[in-house]
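What follows is a set of notes on a single structure, which appears directly below.
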Amino acid sequence: MKKIAAIILAGVLALGCSMTAFASSSTGTASDASITVDNDYTVDSTGSHFSVVISQDYASDEDEAAANALAADPEGTLSDLVSSGVLTSEEASDVVFKAVMNVSVDGDADAVTWPMTVRFNIAGVTSSSKVVALLYYNGAWQSVEVTSLGDGYADLLLYYTGPVAIYVDEDTVESANAAASGSSDSSSTTSPETGAFPLARTLGVVAAAAVAGMLITVRRRYAEA
């Protein structure tokens, strides 16, 4: 009896471990995974549509090092760019770091007639938001023109591909955080850590019920014997 119960409980523990591993798996980038590109609005200077990809896969070690250095000290990078005249103090003020990522053309980059307008989807951005964008090229961070702002997006004019950093004003960040928090609070069936509440806990309840049923059956058989 005790051996059988031990075997059953061991099986439940194994199931629980596997469910934990499943629930904690996740994907995303090393930067802000909420930022995406809208290739329906990504065009070169002739109006031809192209697709771009954003990722944390940089084209060179230098690009990756530059991106990591900016992410480690985003305010310091802005100060350096103001000192060197790349940005004005007004441009660099009242913004906070949002993300850094590599931007590359999905396909033949030689077919692009530069510059290219790339639309970035950024939560919380409106037409009145402040967005500062930078592109790392030829060993230095350069200012990127923001050609258009709207609900949830910013259009950037890129003359090259490579590491791109985005800063937004604090009000935009607070608005995005509030919207995300409200969405999370309204979904009571979602685990705040993994988003996998229903499957993991349902399987746990089913397993516990199965164990209880098997133990009762075993006890009855022993009693009859």
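For reference, positions follow the sequence shown, starting with 1. Note that this is a predicted model, so its numbers are computed, not measured.
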Original post:
Would you say the side-chain atoms of Asn39 pair up with the backbone N or O of Val52, donor to acceptor, closer than 3.5 Å?
Top reply: yes
**OP:** Flag yes if Ile122 and Tyr41 sit in one hydrophobic cluster, no otherwise; membership is Ile, Leu, Val, Met, Phe, Trp, Tyr, and two members link when side-chain heavy atoms are under 4.5 Å apart.
**Re:** no
**OP:** Would you give the length of the straight line joining atom CG of Asp151 to atom CG of Asn121, rounded to the nearest 0.5 angstrom?
**Re:** 11.5 Å
Subject >> Residue pair Phe50 / Ala111: nearest heavy atoms and the distance that separates them >> reply: CZ-O, 3.5 Å
**OP:** With Arg119 as reference, evaluate Thr36, Asp155, Asp38 under the side chain to side chain donor-acceptor pair (under 3.5 Å) test and give the passing residue.
**Re:** Asp155
Subject >> Hydrophobic cluster identity match, Val132 and Val82, side-chain contacts under 4.5 Å >> reply: yes
Original post:
So, the side chain of Thr113 versus the backbone of Asp44: is there a donor-acceptor pair under 3.5 Å, distance only?
Top reply: no
Original post:
Rounded to the nearest 0.5 Å, how far apart are CG of Asp169 and NZ of Lys130?
Top reply: 8.0 Å
**OP:** Carefully, step by step, assess Lys98 and Ser34 under the rule side chain to side chain contact (heavy atoms under 4.5 Å, CB included).
**Re:** CA-CA 10 Å; Lys98 181 65 175 174; Ser34 69; 4.3 Å; yes
Original post:
Between Tyr159 and Trp114, does the ring centroid distance fall short of 6.0 Å?
Top reply: no
**OP:** Kindly compute the distance separating CZ (Phe97) from CG (Asp32), expressed to the nearest 0.5 Å.
**Re:** 8.5 Å
Subject >> Nearest-0.5 Å distance that lies between atom CD in Gln142 and atom CG in Leu134 >> reply: 9.5 Å
Original post:
What heavy-atom pair brings Ser129 and Leu149 nearest, and what distance separates the two atoms?
Top reply: O-CD1, 3.1 Å
Original post:
So do Leu156 and Val146 actually touch side chain to side chain, heavy atoms under 4.5 Å?
Top reply: yes
Original post:
So, do Asp63 and Pro163 sit near enough that their side-chain heavy atoms are less than 4.5 Å apart?
Top reply: yes
Subject >> side chain to side chain contact (heavy atoms under 4.5 Å, CB included) evaluation trace for Val103 with Phe120 >> reply: CA-CA 11 Å; Val103 178; Phe120 288 80; 4.0 Å; yes
Original post:
Does Ser79 offer a backbone N or O that forms a donor-acceptor pair with the side chain of Ser83 under 3.5 Å?
Top reply: yes
**OP:** Indicate yes or no for a side-chain donor-acceptor contact from Asn102 to the backbone of Asp57 under 3.5 Å, with no hydrogens or angles considered.
**Re:** yes
Original post:
Are Tyr136 and Leu81 co-members of a hydrophobic cluster defined by side-chain heavy atoms under 4.5 Å apart?
Top reply: yes
**OP:** Please work out whether the ring planes of Tyr137 and Tyr160 are parallel, tilted or perpendicular, with thresholds of 30° and 60°.
**Re:** parallel
**OP:** Examine Leu135 and Ile54 and state if one hydrophobic cluster contains both, with Ile, Leu, Val, Met, Phe, Trp and Tyr joined whenever side-chain heavy atoms are less than 4.5 Å apart.
**Re:** yes
Original post:
Does atom CG of Asp61 have more than 12 heavy-atom neighbours from other groups under 6.0 Å away?
Top reply: no
Subject >> Euclidean distance, Tyr167 OH relative to Leu70 CG, rounded to 0.5 Å >> reply: 4.0 Å
Subject >> Least distance between heavy atoms, Ala176 atom then Ala123 atom >> reply: CB-O, 3.5 Å
Original post:
Is the side chain of Glu174 donor-acceptor paired with the backbone N or O of Asp171 at a distance under 3.5 Å, no angle test?
Top reply: no
Original post:
Hey, what do you get for OG1 (Thr42) to NE2 (His49), rounding to the nearest 0.5 Å?
Top reply: 9.0 Å
**OP:** Please test Trp141 against Val86 for side chain to side chain contact (heavy atoms under 4.5 Å, CB included), starting from the C-alpha separation and ending with a verdict.
**Re:** CA-CA 8 Å; Trp141 288 103; Val86 174; over 6 Å; no
**OP:** Please assess Thr172 against Thr126 for the test side chain to side chain contact (heavy atoms under 4.5 Å, CB included), listing each intermediate value before the final yes or no.
**Re:** CA-CA 8 Å; Thr172 294; Thr126 67; 5.6 Å; no
Original post:
Distance-only, no hydrogens or angles: does the Glu91 side chain make a donor-acceptor pair with backbone N or O of Ser143 under 3.5 Å?
Top reply: no
Original post:
In the single-linkage hydrophobic clustering (I, L, V, M, F, W, Y; side-chain heavy atoms under 4.5 Å), do Val100 and Leu87 co-cluster?
Top reply: yes
